Structure formats: C-alpha cells, structure tokens
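Along the sequence shown, residues are numbered consecutively beginning with 1. Computed from a predicted structure; not experimentally measured.
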Amino acid sequence: MLITTPVGSREAVTAARWPVPEERRTVTVLFADIVGSTGLVERLDPEDVRALQQAYFGTVAAVLRRWHGVVEKYVGDAVMALFGAHGSDGFDAYRGVRAGLLFYNFFDDFQLVELLLFLY
C-alpha cells in the first residue's frame, strides 16, 4: 500500500510553504479495534465507557510509541496506525506485527473485563 505523506521534521512541515512537499513511501498499516465493543458499550454506563476508552487509547498510544508507529486516525474505537511514515529502516512491518501482537495479547476479552474491574 502506498501512501503519500509530508516529510521532514514537525517544525519544518508546520513552517513549510503550502502545499507541503510530498514523497511516496511504502508503509505498514495496522488496524486495531475492540471486537464486540458495541455490545459492551450498550451494557455499560457512559462513565465506564469513557474510562474503558481512555485506558484503551492510552495503551494503544504507548504501544505505538514503543514500536515507532504513529496514529493516522481514530474512528470510534478503531485505530489506524502507520509504521515507516516518517522514515524507514526496513523493519517497519516487523514493528507493526509486534505492536499488533501486543494489542492482541493485552486486549483479549478476559483482560478487558479485568481492566474494567480494576478501574472501578
């Protein structure tokens, strides 16, 4: 999958003239969401849903930082992350898989229930 993305430091991109320079890169894309979240959300109070989402998104962000991924977008409880968007060392797919495995191991149904019980 090829995605066009601005390149350079954050300061250079934000200070750059319009349009922002683009470069074609091959990136690894990771999609993650909470399976069955609609049914889960229907059974919870809004405050509990918010707490669950904050814990979920906080964990997702920490895992992505650890494996050098960046969030492209959030849609509901789904996350689309990119690896290699800001530069590639040839291990982008490896880091994407490792991040996905951490999500899978952490967010299985049993641990989501444990997380909710831990929060309250």
Counting C-beta onward and ignoring hydrogens, is there a side-chain heavy-atom pair between [X] and [Y] closer than 4.5 Å?
X     : Y     : result
Leu82 : Val29 : yes
Trp67 : Tyr94 : yes
Val41 : Leu44 : no

**Message:** I'd like to check the side chain to side chain donor-acceptor pair (under 3.5 Å) partners of Thr59; sequence neighbours left out, ordered by chain and number.
**Reply:** none
Nearest heavy atoms of [X] and [Y], plus distance in Å:
X     : Y     : value
His86 : Arg25 : C-NH1, 3.9 Å
Tyr56 : Val79 : OH-CG2, 4.1 Å
Ala85 : Val70 : CB-CG2, 4.4 Å
Leu30 : Ala99 : CD2-CB, 4.1 Å

Do [X] and [Y] belong together in a cluster built from hydrophobic side chains that touch within less than 4.5 Å?
X      : Y      : result
Phe83  : Val97  : no
Leu102 : Phe57  : yes
Leu64  : Leu101 : no
Phe103 : Tyr74  : yes

**Item:** Which residues share a ring-ring contact (aromatic ring centres under 6.0 Å, His included) with Phe91, sequence neighbours left out
**Value:** none
**Complete:** Separation between CD (Gln54) and CG (Leu52), nearest 0.5 Å, reads 10.0 Å
**Request:** Could you tell me whether Asp89 and Arg95 make a salt bridge, using a distance below 4.0 angstrom between a side-chain N and a carboxylate O?
**Result:** yes
